[in-house]
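Inspection log for the structure reproduced underneath, given as structure tokens.
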Amino acid sequence: MREEKRNKLLILYASQTGNALDAAERIGRESERRGCPVVVRPVDDYDARCLPEEDTVIFVVSTTGQGDTPDSMKVFWRFLLQKSLSKQWLEGVRYAVFGLGDSGYQKFNFVAKKLDNRLLDLGATAVVERGLGDDQHPSGYEGALDPWMRSLWRRLHQIDPSFFPQGPDHVIEEMKLIDQPKVHITYHSIDNAASRLSNASDLEGIRMQLETARSMSAGKLSNYNNKAVCFLKMIKNQPLTKSGSGKDVHHFEFEFVSAAIEYEVGDVLEILPSQDPAAVDTFIQRCNLDPDALITVQHKEMKNYLPDIHKNTTEVPIKLRTFVELTMDVTSASPRRYFFEVMSYFATAEHEKERLQYFASPEGRDDLYKYNQKERRTVLEVSFGEYIICAFHLILISG
Ligand SMILES: Cc1cc2nc3c(=O)[nH]c(=O)nc-3n(C[C@H](O)[C@H](O)[C@H](O)COP(=O)(O)O)c2cc1C
């Protein structure tokens with residue numbers, strides 16, 4: 001069995017709001033740049049019974065609630081806690097854990113700590129000490145991620161040089177990797193696709209479109225799965241904090257527009273707000289794309305792993321504009337470091353290229369966090385004319 005194993009890293013992530021997904025993808029890219037292939041999966045896409053067959057598994061997990069696992073990790077975690085699993089169950093399996101948390105919470109990074117302890121209990125071997133990302137750090141979780149990754153690569157190389165044949169510090173020219181799109185976009189002719197398009201004029205039609213768009217957006221698949229969807233109208237939006245204070249907290253009240261769903265105290269409501277239509281149009285224009293084009297989007301890696309419920313919806317074309325509206329936050333989310341990195345490859349003006357490279361480098365990390373996330377700049381604000389076209393396909397990946 002051991003001979004069949006490959007030195008391929010498996011990266012499993014569990015995320016509630018997307019940071020752990022970002023971190024997992026970053027670890028994956030950094031590994032590939034060093035010549036080691038990876039598979040990156042949400043933990044609920046993975047059959048925990050296969051763990052003993054793995055060579056090296058990197059877990060990237062956040063903590064939510066009051067020290068709780070993200071929703072997508074609940075089944076996996078219950079499985080690991082089974083008393084019937086022996087202390088040798090994971091013998092021969094190497095692992096590393098990176099946690100995302102906030103030291104402002106009493107149970108700081110509780111999930112990463114629990115997972116690390118349990119894996120040890122089950123006989124697995126830690127490659128490096130667990131890394132604990134902290135929202136309170138001036139660079140956010142990345143403050144801990146960079147040094148943690150450095151020790152991970154070095155340690156893996158010490159254990160087995162075939163992980164990184166040219167050494168842990170030898171990085172393949174990024175352009176070669178950036179050039180390989182992870183999603184496949186098919187454009188459909190109107191005649192062929194029109195009959196399969198859902199009618200967006202009623203609530204059921206909008207729900208269908210939402211499902212179609214989300215199923216094509218690989219990163220969030222598992223979060224969206226099996227959740228009740230309803231339509232709400234905001235009837236109250238009252239600021240609770242004074243203007244100029246560090247936080248912006250609001251009291252919202254909603255009214256059901258579609259049939260009400262049942263909920264209990266403590267349930268979490270995830271809201272998918274709509275975006276400013278003018279900003280969506282500007283984004284599409286800047287990307288030089290046709291908003292009315294009919295597309296289907298397939299994530300290459302995900303193709304064989306789609307839950308059955310999504311297999312059909314990914315084949316139904318959707319308008320490019322609807323896809324952008326429903327899956328890509330162009331008006332409020334701050335782009336991450338990778339976005340700057342990708343744009344730096346396409347920047348032609350030297351001073352812009354240098355600035356973008358600086359933001360994407362470990363030295364520029366704190367400045368980037370301040371410029372970007374703290375000051376809440378959006379994709380539209382930081383995008384530069386033609387470079388954004390190249391970045392478009394990369395945003396599709398993170399949905
Ligand atoms: C509702 C909520 C509850 C949280 N509870 C904890 C907690 O108990 N312990 C902790 O260390 N971090 C906690 N955090 C911080 C998150 O773990 C941190 O923001 C992390 O980056 C989120 O990663 P994710 O986007 O992958 O879920 C909480 C965050 C939110 C929004």
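Note that the coordinates shown come from a computational prediction; the quantities given were computed from them, not determined experimentally. Count residues from 1 along the sequence. In each ligand, atom 1 is the first atom listed, and ligand 1 is the first ligand listed.
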*Quick one: does Asp68 get an N or O within less than 3.5 Å of an N or O on ligand 1?*
no
*Should the proximity of Asp102 to ligand 1, defined as any heavy atom under 4.0 Å, be assigned to the side chain, the backbone, both, or neither?*
both
*Pairs involving residues 330-339, ordered by first then second residue, that meet salt bridge (charged side-chain N to carboxylate O under 4.0 Å, His left out) (sequence neighbours left out)*: Asp22-Arg336, Glu142-Arg337, Asp146-Arg337
*Got the closest protein heavy atom to atom 9 (N) of ligand 1, with its distance?*
Lys107 O, 2.9 Å
*Out of Leu100, Asp135, Thr64, indicate the one that has the non-hydrogen atom closest to atom 18 (C) of ligand 1.*
Asp135
*asked:* Would Arg365 pass as a cation-pi partner of Tyr369, given that its NZ or CZ must be under 6.0 Å from the six-membered ring centre and within 45 degrees of the axis?
replied: no
*Could you give all pairs that pass the ring pair (Phe, Tyr, Trp, His ring centres under 6.0 Å) test and reach residues 131-156, with sequence neighbours left out?*
Phe98-Trp148, Trp153-Phe164
*ligand 1 and Tyr141, any nitrogen or oxygen pair closer than 3.5 angstrom?*
no
*Shortest non-hydrogen contact from Val330 to Ala279?*
CG2-O, 4.3 Å
*Distance to 0.1 Å, residue and atom name: give those for the protein heavy atom nearest to atom 31 (C) of ligand 1.*
Tyr105 OH, 4.4 Å
*asked:* Whether Arg377 engages the ring of Tyr371 as a cation-pi pair (distance to the six-membered ring centre under 6.0 angstrom, angle to the ring normal within 45°) should be assessed.
replied: yes
*Would you check the N or O atoms of Leu21, main chain and side chain alike, for any that come under 3.5 Å of an N or O of ligand 1?*
no
*Nitrogen or oxygen of Ala20 less than 3.5 angstrom from that of ligand 1*: yes
